[in-house]
Each structure stands twice: as C-alpha cells, then as structure tokens.
Amino acid sequence: MTDFASMLVPDRGQPARTIHVVHPDAYEGWLATRSQRVRTTIAAHRLAGKPGDRAILPGETADDWSMLLVCNEASTSPWRIASLGASLPEGTYRLAEGPVGAAGLGWMLAQHQFTLYVKPDAVGARVLLTTDAAHIDEFVQLAQATAMVRDLVNTGASDMGPADLEAAAEALAKRHGGTVTTVRGDALATGYPMIHAVGQAAGKDRAPRLIELEWGDPSHPRIAVVGKGVTFDTGGLDIKPSAGMRLMKKDMGGAAHALALASLVMAAKLPVRLHLLIPAVENSIAGNAFRPGDVLATRKGLTVENTNTDAEGRLVLGDALTKAGESSPELILDFATLTGAARVALGPDLPPLFTDDESLADDLLAAGIAQSDPMWRLPLWDGYDDMLKSDIADMVNAPDGGFAGAVTAALFLRRFVPENTAWAHLDVFAWRPSAKPGRPKGGEAYALRAAFAVLKTRYPLS
C-alpha cells in the first residue's frame with residue numbers, strides 16, 4: 001500500500017524547496033518582482049505565462065533552486081500541482097503562494113503506483129509541507145480510498161473474482177470492526193434469484209455471492225451503500241465483441257467505489273449504521289448460462305423477462321437493493337458501471353446522477369462542485385417507464401430500441417427501492433481512458449469524494 005502519510009506533513013519551518021504556483025493573469029506582476037537572474041532564466045525558457053509553463057529557477061547558491069508552475073486551476077482544485085507531485089525529484093517542498101488546501105490530495109495521488117504486476121519505480125517520496133495540519137488525515141484517507149478504487153479496478157479478472165471482492169470486504173471489516181455475511185452459490189437461488197441466475201455459469205471457484213458488511217452503532221441512522229460487482233462481463237449469451245470485452249475487468253468498478261466509500265465512513269467513524277452490499281458475480285458463458293427470453297424471479301417478488309444477458313448489472317443490483325431496503329435505511333446510494341449510454345451522453349469524466357429526492361440531488365451536485373468531483377443529473381423520467389413493459393412478465397430488463405438506455409436502467413433499479421426512501425444511483429465509468437495530472441490511465445474513482453462529503457454533512461461527528 002502506498003504510504004501517503006509520508007507525502008503530506010505539517011510545516012514546522014523545516015528546510016524545503018519552494019514551489020511558485022502562479023495564475024496566468026498574475027504572471028506578469030509576479031515576474032516583475034523577481035530578480036534579474038530569475039527573469040533571465042525564464043526568458044531563456046521562452047515562457048509566456050501560459051497554463052502548464054514551468055521552469056526550475058536558480059537560487060542564491062549553486063545547489064539552491066525553486067520551481068515555477070503557471071496554472072489556471074482553481075485554488076480549491078486537488079489537481080493544481082499534481083503534475084509536480086509526479087515529476088519533481090525526491091525531496092521536501094512548500095508552496096510560496098497561499099495554503100496547500102486540497103492540492104495536497106492530488107500531490108499524493110500523483111505518486112501512487114499500481115504495482116501488482118510490475119516493479120515500482122525506484123523513487124523516494126516527494127514531501128509537501130502544509131500549514132493546515134488538521135486536514136492531513138482527511139486527505140490521506142481520501143487518497144487511500146481513491147487508490148483502493150484504482151487498484152481494485154486495475155487488477156486483472158484472473159486475480160479479482162467474486163471471492164476476491166469478498167476478501168476485500170473482510171479486510172475492511174477486520175480493520176474497522178465490522179461484520180461480513182456472505183451468501184454464495186446455489187444458496188442464492190431462493191433468496192437472491194437474479195444474482196444466482198447471472199452468476200451461475202461461472203466456475204465453482206468464481207461462484208456468485210451477495211456480500212454484506214455491517215458496521216456501526218445500531219441506534220444510529222441506517223444507510224446502505226450498494227456496488228455492482230460484476231468481476232468480468234462477457235455479455236453472457238448475448239456475447240460482447242472482443243473490443244467491448246477488452247475492459248470488462250472494470251465492470252466491478254461500482255463495488256470498488258462502494259468499498260472505498262465504506263472505508264471512508266468507517267475511518268471517519270461517522271455516526272451511522274452502515275450496510276454495505278455487493279452482489280459479486282462473473283457473467284460467464286456455459287451450458288447453464290441464463291438465456292435471452294428467460295423469465296427471472298426476484299427477491300422482491302416481481303418477474304423480469306430477460307431481453308439481454310448483457311444487461312446483467314441491473315439484475316444483480318435489483319436483488320441487492322431489495323435486501324438493502326428491508327432494513328429500512330434512511331438513505332441508499334448505489335454505484336455501478338451500468339450503461340454505455342451514460343458514456344455516450346456524458347463521456348467518461350462526468351457520471352450521471354439519478355434520484356427523485358430533490359434535497360439529495362442538490363447536496364450531491366453542490367458537493368461535486370466543491371470537491372472538484374462533478375456529476376450531472378439525468379432524469380428518472382416517468383414517461384419512459386412504459387419502455388420496461390413485458391408481454392409475459394412484470395417487466396423487462398432492457399427495452400428494445402436502445403433509447404434513453406441510462407434512464408431506463410435507472411428506472412429499472414427504482415422499482416427495487418422502497419418508496420419514500422432517499423436513494424441515488426450513480427452510473428460511474430470507473431476508468432480513465434487517457435492520463436491527466438494525478439490521474440493515470442486506468443481505474444478511477446468518480447463521485448466518491450462528493451458522496452463522502454454529503455455523508456459527512458448529513459451525519460456530522462458530535
């Protein structure tokens with residue numbers, strides 16, 4: 001595990017190299033106050049004060065230097081100095097202009113490496129000093145949770161099956177004093193028939209399961225966090241093409257987000273009774289795979305005509321959401337890599353938010369802006385509910401025609417959520433197609449920081 005705590009430490013006046021972070025609009029004024037030696041160096045670099053410009057600036061002695069970064073990121077952005085966290089030499093640094101703030105998070109995440117299959121780069125920690133010591137632990141926890149999502153999603157499906165998600169939940173429970181209960185294999189057939197149907201074609205060592213973690217004082221408000229844990233998705237008998245299957249190790253990204261959010265809640269000791277649920281399956285192909293046209297029973301008692309075996313995530317979530325609702329939580333959040341339609345509509349960086357609760361929507365959207373972790377609300381449009389009609393069952397899982405795919409998937413899930421329960425569904429991509437500072441290509445957390453910020457506000461520590 002990356003030692004984030006060594007990368008962001010209190011500033012007690014210890015020796016450190018200086019980082020100048022200058023906004024383009026302030027660049028000329030800043031430059032005018034520099035020494036002739038510094039201005040000559042900048043001129044030699046031909047810098048014009050554009051975002052991304054950077055230079056090593058000479059100090060008074062031969063071994064003294066500081067760093068200039070021209071940046072138009074807001075002072076509240078975690079990614080403000082992330083590019084330096086990944087590129088500066090080993091050493092200790094402090095910012096010359098203003099407090100570190102959230103930039104400490106990006107500084108740490110820029111140094112995180114996924115090393116399960118390769119040797120880590122041999123580089124020591126780049127340490128950033130901050131005068132805001134009270135928030136160091138918070139940012140370290142956020143870095144650890146984000147790294148958890150990245151590492152779980154980046155792990156190949158050969159090493160990240162349903163049992164491995166269960167092991168991750170067990171490790172969290174052991175660390176924080178929670179309890180894990182798991183229903184596996186054929187035992188799911190009566191209580192969780194959709195989870196069983198989707199996962200039954202996988203080998204015995206990758207048997208489906210519903211993983212539940214309970215934590216906290218039972219007298220505290222109950223909240224449920226649900227994460228889609230499809231550890232690999234072939235598409236089932238409606239098999240995906242090879243290009244579509246290439247990244248399907250990431251189809252457990254919702255479970256990774258749910259585990260990470262649970263870790264944040266427990267580490268912060270929020271006054272809640274936490275119920276984490278992960279339906280963990282591999283959507284495989286075998287003689288006993290569920291078929292298009294099968295009518296599936298559900299834990300809720302509804303029947304579902306399976307029109308597409310590649311719309312399996314909403315099936316396993318349906319049973320898990322039903323289970324979550326049976327304990328009467330006051331809030332349910334679910335994360336799922338659910339639809340390609342969400343990516344067509346909003347791209348990889350902006351997860352759609354679905355909820356009928358206006359207060360919850362406002363809180364999540366505001367937290368997304370404040371945390372530089374945005375999402376975009378899409379409608380749970382009642383007019384499309386008829387698309388879920390079936391001629392032979394209570395509903396279908398995937399309407400014909402392909403219209404409004406992210407919306408109809410969310411409407412499907414809504415049928416398994418108790419009425420008058422605050423619920424939000426986040427259709428996250430869990431993957432970054434191209435690198436950005438502090439955010440490498442690969443597994444990624446979306447809306448995680450925003451969701452945690454909402455929980456901290458709603459359930460404050462006394």
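A pairwise comparison of heavy atoms in Thr231 and Ala157 identifies O-CB, 3.7 Å as the closest pair. Minimum heavy-atom separation, Ala110 to Ala82: CB-O, 3.2 Å. The minimum heavy-atom distance between Ala262 and Leu276, with the atom names listed, is CB-CD2, 4.1 Å. Residues Ser263 and Leu172 share a closest heavy-atom pair of CB-CD2, 3.6 Å. Nearest heavy atoms, Leu346 versus Pro351: CD1-C, 4.3 Å. Across all their heavy atoms, Leu364 and Met375 have their closest contact at O-CE, 3.6 Å.
Checked by atom type, the side-chain pair Asp357/Thr355 shows no donor-acceptor distance below 3.5 Å. When only modelled atom types and interatomic distance are considered, Asp319 and Thr322 share no side-chain donor-acceptor pair under 3.5 Å. Side-chain atoms of Arg94 and Thr130 include no donor-acceptor pair closer than 3.5 Å. A side-chain donor-acceptor contact under 3.5 Å links His196 and Asp186. Judged by distance alone, the side chains of Ser87 and Arg54 do bring a donor and an acceptor atom under 3.5 Å apart.
Remark: the backbone N or O of Arg12 is paired with a side-chain donor or acceptor of Gln14 at under 3.5 angstrom. Without hydrogens or angle criteria, Asp53 side chain to Val70 main chain gives no donor-acceptor distance under 3.5 Å. Of the possible donor and acceptor atoms, none in the side chain of Glu214 sits under 3.5 Å from a partner among the backbone N and O of Thr179. The backbone N or O of Asp121 lies less than 3.5 Å from a partner atom in the side chain of Gln113, making a donor-acceptor pair. In this structure, Arg209 contributes its side chain and Ala280 its backbone to no donor-acceptor pair below 3.5 Å. Although no hydrogens or angles enter the test, the distance criterion places a donor-acceptor pair under 3.5 Å between the side chain of Asp164 and the main chain of Gly161. Of the possible donor and acceptor atoms, none in the side chain of Trp107 sits under 3.5 Å from a partner among the backbone N and O of Ala102. In this structure, the side chain of His20 does not engage the main chain of Ala96 through any donor-acceptor pair within 3.5 Å. No side-chain donor-acceptor contact under 3.5 Å links His220 to the backbone of Gly216. Using modelled atom types, one side-chain atom of Gln200 and one backbone atom of Asn288 make a donor-acceptor pair closer than 3.5 Å.
By the 30° and 60° cut-offs, the orientation of the rings of Tyr117 relative to Phe114 is perpendicular.
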Quiz item: Is there a side-chain contact (heavy atoms from CB on, under 4.5 Å) between Trp431 and Leu247 once you walk through the steps?
Solution: CA-CA 9 Å; Trp431 189 264; Leu247 288 179; 3.6 Å; yes

Quiz item: Does the pair Ser6 and Asp3 meet the rule for a side-chain hydrogen bond (donor to acceptor under 3.5 Å, both in side chains), with working shown?
Solution: CA-CA 6 Å; Ser6 67; Asp3 181 16; 3.3 Å; yes

Practice problem: Give the intermediate values and the outcome of side-chain contact (heavy atoms from CB on, under 4.5 Å) for residues Arg17 and Leu88. | Solution: CA-CA 11 Å; Arg17 297 194 185 278; Leu88 285 173; over 6 Å; no

Quiz prompt | Stepwise side-chain contact (heavy atoms from CB on, under 4.5 Å) test for Ile223 and Leu455 | solution = CA-CA 10 Å; Ile223 65 170; Leu455 294 181; 4.2 Å; yes

Quiz item: Are Ile211 and Glu166 close enough, and set up right, to give a side-chain contact (heavy atoms from CB on, under 4.5 Å), and what steps lead you there?
Solution: CA-CA 6 Å; Ile211 306 159; Glu166 182 181 348; 3.8 Å; yes

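Distance CG/Leu317 to CD1/Ile195: 8.5 Å, rounded to 0.5 Å. The CG atom of Leu360 sits 11.0 Å away from atom CD1 of Ile332, with the distance rounded to the nearest 0.5 Å. Note that CG of Leu413 and CH2 of Trp423 are 5.5 Å apart. Values are rounded to the nearest 0.5 Å. Interatomic distance, CG of Leu264 versus CE of Met148, reported as 8.0 Å (0.5 Å rounding). Considering CG of Asn283 and CD1 of Ile239, their distance stands at 10.0 Å, rounded to 0.5 Å. A distance of 11.5 Å separates CG in Leu69 from NE2 in His23, rounded to the nearest 0.5 Å.
Relative to the six-membered ring of Trp215, Arg273 misses at least one condition, a distance below 6.0 Å or an angle of at most 45° to the axis. With a 6.0 Å cutoff to the six-membered ring centre and a 45° limit on the axis angle, Arg299 counts as a cation-pi contact of Tyr192.
With Lys228 as the fixed residue, the salt bridge (charged side-chain N to carboxylate O under 4.0 Å, His left out) test singles out one of Asp233, Asp427, Asp334, Asp251: Asp251. A ring pair (Phe, Tyr, Trp, His ring centres under 6.0 Å) with His425 is found for one member of Phe416, Phe335, Phe354, Phe412 and no other, namely Phe354.
We find that Glu330 and Arg222 are not joined by a salt bridge, their nearest charged nitrogen and carboxylate oxygen being 4.0 Å or further apart. Ion pairing between Glu282 and Lys249 fails under the 4.0 Å rule for side-chain N and carboxylate O.
The stretch residues 443-459 participates, sequence neighbours left out, in these salt bridge (Lys or Arg N to Asp or Glu O under 4.0 Å) pairs: Glu138-Lys456, Arg150-Glu444, Asp363-Arg458, Arg432-Glu444.
With contacts defined as side-chain heavy-atom distances shorter than 4.5 Å, the pair Phe452/Leu270 qualifies. In this structure the side chain of Leu128 never reaches within 4.5 angstrom of the side chain of Met108, judged on heavy atoms. For the pair Val407/Leu380, no side-chain contact is recorded, criterion being any heavy-atom separation below 4.5 Å from C-beta on. Within the 4.5 Å cutoff, the side chain of Val100 has no heavy atoms near those of the Phe139 side chain.
In the displayed structure, Asn420 atom CG is contacted under 6.0 Å by at most 12 heavy atoms of other residues, nucleotides or ligands.
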